[in-house]
Amino acid sequence: MSSSVITRFAPSPTGFLHIGGGRTALFNWAYAKNRGGKMLLRIEDTDRERSTPEAVDAILDGLTWLGLDWDGEAVSQYARASRHREVAEILLAKGHAYRCYCSPEELQAMREKAEAEKRPVRYDGTWRDRDPATAPAGVKPVIRFKSPQQGETVIEDHAQGRVVFQNKELDDLIILRSDGNPTYNLSVVVDDHDMGVTHIIRGVDHLTNAARQTQIYKAMGWHVPEMTHVPLIHGPDGAKLSKRHGALGVEAYRAMGYLPAAMRNYLARLGWSHGDDEIFSTEQMVDWFGLDAIGKSPSRFDFVKLENLNGHYMRGTPDAELLAAFITFLPHVAGGPEMLGRIDAGMKAKLLRAMPGLKERAKTLVDLMKSAQFLFAERPLTLDDKARQIMADGGVAALTALLPVLEATEWNVQSVEAAVKAHAEATGAKLGKLAQPLRAALTGTSTSPGIFDVLDVLGRAESLNRIADALKSG
RNA sequence: GCCCCCUUCGUCUAGUGGCCCAGGACGCGGCCCUCUCACGGCUGAAACAGGGGUUCGACUCCCCUAGGGGGCGCCA
């Protein structure tokens, strides 16, 4: 079992789970499942200033909504700080690290000077070889990693291929802050090692870190995990996704009415592919998923395609299941709680009955909410502009003639349909001349599921009354 | 500025030297179905960033240019 795969998703709790993070989690999850391994969850909360418990909750909630689970408890990186310090001390003892007494101001000046002189911005190694005895009094030092100055560090990356960094390009990074707290690159290495992580899958923005981390692994004599750096997801316009530009938390996608299964399918196709397959179940994804089919170029997020995919999933979801999803969705959308409050057993039955016609026309749960509106409407209905136009353009006359026919008809889909069609034939009118006015009167709009289904779901009394209402006000 | 990476239809992508005058999907146009809107079916337009090589033969390999992205914190 020691050879089994262990991946991890390691978000920092400084905000919601954004779409790129969601995909990274999905890839880690899918790979672990594919290999019969485990996916661990580690919260990278060593930045005490910016980490919040609310963000941790939001991330967990986002993952759960996406349908991604993890093995064991979520690990707090901050809780492991003493172990990180211990490793920093070991590195120090082994001569792979040293104390640096430069102040933040000096470092800032160093950076600015380098920038002004158009030189690479790096730590100059001032304290690398200086005698600690010359240390200024009263200054709390940081510990820096003594990075190799010659040779190269190679990453054999499953997505990026072989990436070579010249060691001279990598400066001596701080691994322990002057307040004794570890920094990211140290913590990650220690945790991934201690947690037995075999495969690291994360965004390419970590590629340079991968080189630095590799050096730390080697200095400790530890085995370096397999690496996969996934290209980033950009906004629809190709610009980088950022908090003020299009980056949404996964809960925003929930509020937009997307189904988790559709989300997973869509995200899987961003940067990963399996031949020409576009629509596949999560089981198939797990079955097919592999690191070497991950591409190298960034992709754009395309809402139109997501919407189309979501429509597929909506139509493919059994009515009762979709109704359940709809009900759990309502609390998350504007106007949803109000609608939810009006869903009793009777309304549930109506929704279920109307679902085949409703879901056929909806791309999102928000669409479903809108198109189901007519079931909730109370008499007398307010007609929208198009509906009113239909009534004005002969609708009133058509319904006036049709009403007695309906009143005399047995109420079920078949007989109502037969009656309306017979009436159309008898009067020489096209079915549309009757269906549209009916739709206007019954739903207050010009679009809806098949009109005979509407008649059926609404029931005889309600249907007849709505028609009478429309005739009165028309 | 320095380092690393990327570049196939508008978008997501297939393609690993000949199967490709480049395939699929979304979107877009047309037609059909039709009580509206959708769905569905058929059909059409639409791409190998540019330039050099290598090779009998390049979307596929190499180099250069251009464009794009990522990184360069006592953030993660």
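Below, chain A is the first sequence line, B the second, and so on; all start at residue 1.
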(Q) Measure CG/Asp292(A) against P/A14(B) and give the value in whole Å, please. (A) 13 Å

Q) Taking RNA chain B as the partner, which of residues 364-377 of chain A come within under 4.0 angstrom of it by heavy atom? A) none

Q.
Partner lookup for A25(B), please. Criteria are Watson-Crick or G-U wobble with both distances under 3.5 angstrom; report none if nothing qualifies.
A. U11(B)

With sugar-phosphate meaning primed atoms plus P, OP1 and OP2, does [X] contact a base, only sugar-phosphate, or nothing at under 4.0 Å between heavy atoms?
| X | value |
| --- | --- |
| Lys430(A) | nothing |
| Ser178(A) | base |
| Glu360(A) | base |
| Arg269(A) | base |

Q) Is any side-chain N of the basic residue among Arg42(A) and Asp192(A) closer than 4.0 Å to the acidic one's carboxylate O? A) yes

Q. Any Lys/Arg nitrogen of Asp469(A) or Arg466(A) sitting under 4.0 Å from an Asp/Glu carboxylate oxygen of the other?
A. no

Q | Residues in side-chain contact (heavy atoms from CB on, under 4.5 Å) contact with Val304(A), at least two apart in sequence or another chain | A | Asp302(A)

Pick the [atom1] atom in [N] and in [M], then give their distance to the nearest Å.
| N | M | atom1 | answer |
| --- | --- | --- | --- |
| U8(B) | A22(B) | C1' | 8 Å |
| C35(B) | G30(B) | C1' | 24 Å |
| U11(B) | G68(B) | C1' | 16 Å |
| A25(B) | C5(B) | P | 35 Å |
| U36(B) | C20(B) | P | 42 Å |
| C6(B) | A47(B) | P | 25 Å |

Q: Check whether any side-chain N or O of Gln160(A) sits under 3.5 Å from a backbone N or O of His229(A) as a donor-acceptor pair, and report yes or no.
A: yes

Q) Can you tell which of Arg122(A), Arg128(A), Arg212(A), Arg99(A) makes a salt bridge (Lys or Arg N to Asp or Glu O under 4.0 Å) with Asp172(A)? A) Arg128(A)

